[in-house]
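Accompanying notes for the structure given below.
Indexing begins at 1, ligand by ligand and atom by atom, following the structure's order. FYI, the numbering just counts along the sequence from 1.
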Amino acid sequence: MPSIRISRIERRTRVEGPGLRYAIWVQGCPIKCEGCFNPHTWDMQGGEEQEIEEIARDIERTLEATPELEGVTFLGGEPFSQANELSILAAKIKELGLSLLTFSGYEYATIRSSTHPGWRRLLQATDLLIDGPYIQSQHDLSRPWIGSRNQQYRFLTKAYKHLEAELPSIPNKLEIHIHPDGTITANGMARALDLDMLHQLGYTRKEV
Ligand code: SF4
């Protein structure tokens, strides 16, 4: 059974794209941007493998329990490093009527011109692509969900085209989860001030 190497899954988040989303941080990134917020996701052998069928069932269960779930977000790590597997999952996501937002550290021109069948299928299933590496010298949190000025939104289907004009008014947010066992996880885009506060709470790692 094919599987995907995963760093983390957050079943319900409002800070990784439009609306309520199921977010999957894949494990493994060959791009290694200086200043990357998630260097623990670089190791191609890190994280843990989960079967595609198992993840698809979990998304379905989450949707049944939370009908307002509107989509799934692939981020990482580099989703296109596991494009074959993610394109299989993407097809199941579409069968559930959910939208797909994919982040990539590759430029859109590179992705679009690829002849790799998995890359093409993943791109075809993506409603909104956010592309480009994180460039520290262009750090900018003024736009939602992204961290540097070079990164761009690509509205590949009609699903989120209406957001194009609204983007400047959508705030970047940080989401903090305090779990029953006392551990704290966070995701979204954090300012230095937010990180100081998290570290005071005993948090040592964030996901964006
Ligand atoms: S592409 Fe994303 S995960 Fe990979 S190094 Fe750059 S910012 Fe980090």
Would you say Arg154 and Thr126 are linked by a side-chain donor-acceptor pair, where the criterion is simply a distance under 3.5 Å?
no
Flag the pair Glu53 and Lys92 as a salt bridge only when some basic side-chain nitrogen lies within less than 4.0 angstrom of an acidic carboxylate oxygen.
yes
What I want to find out is whether Arg12 reaches Glu10 closely enough, with some N-O distance under 4.0 Å, to be called a salt bridge.
no
Which is closest to atom 2 (Fe) of ligand 1 in terms of heavy atoms, Ser148, Ser81, Gly132, Gly77?
Gly77
With 2.8 Å as the limit, count the protein N, O or S atoms near atom 6 (Fe) of ligand 1.
1
Which residues satisfy the ring-ring contact (aromatic ring centres under 6.0 Å, His included) test with Tyr106, sequence neighbours excluded?
Trp119
Please enumerate all residues that pass ring-ring contact (aromatic ring centres under 6.0 Å, His included) together with Tyr22, with sequence neighbours excluded.
none
At under 4.0 Å between heavy atoms, which part of Trp42 makes contact with ligand 1: side chain, backbone, both or neither?
side chain
Using a strict threshold of under 4.0 Å (side-chain N to carboxylate O), is an ion pair present between Glu49 and Arg5?
yes
For Asp43, enumerate each residue passing the side chain to side chain contact (heavy atoms under 4.5 Å, CB included) test, keeping only those at least two apart in sequence or located in another chain.
Gln27, Gln45
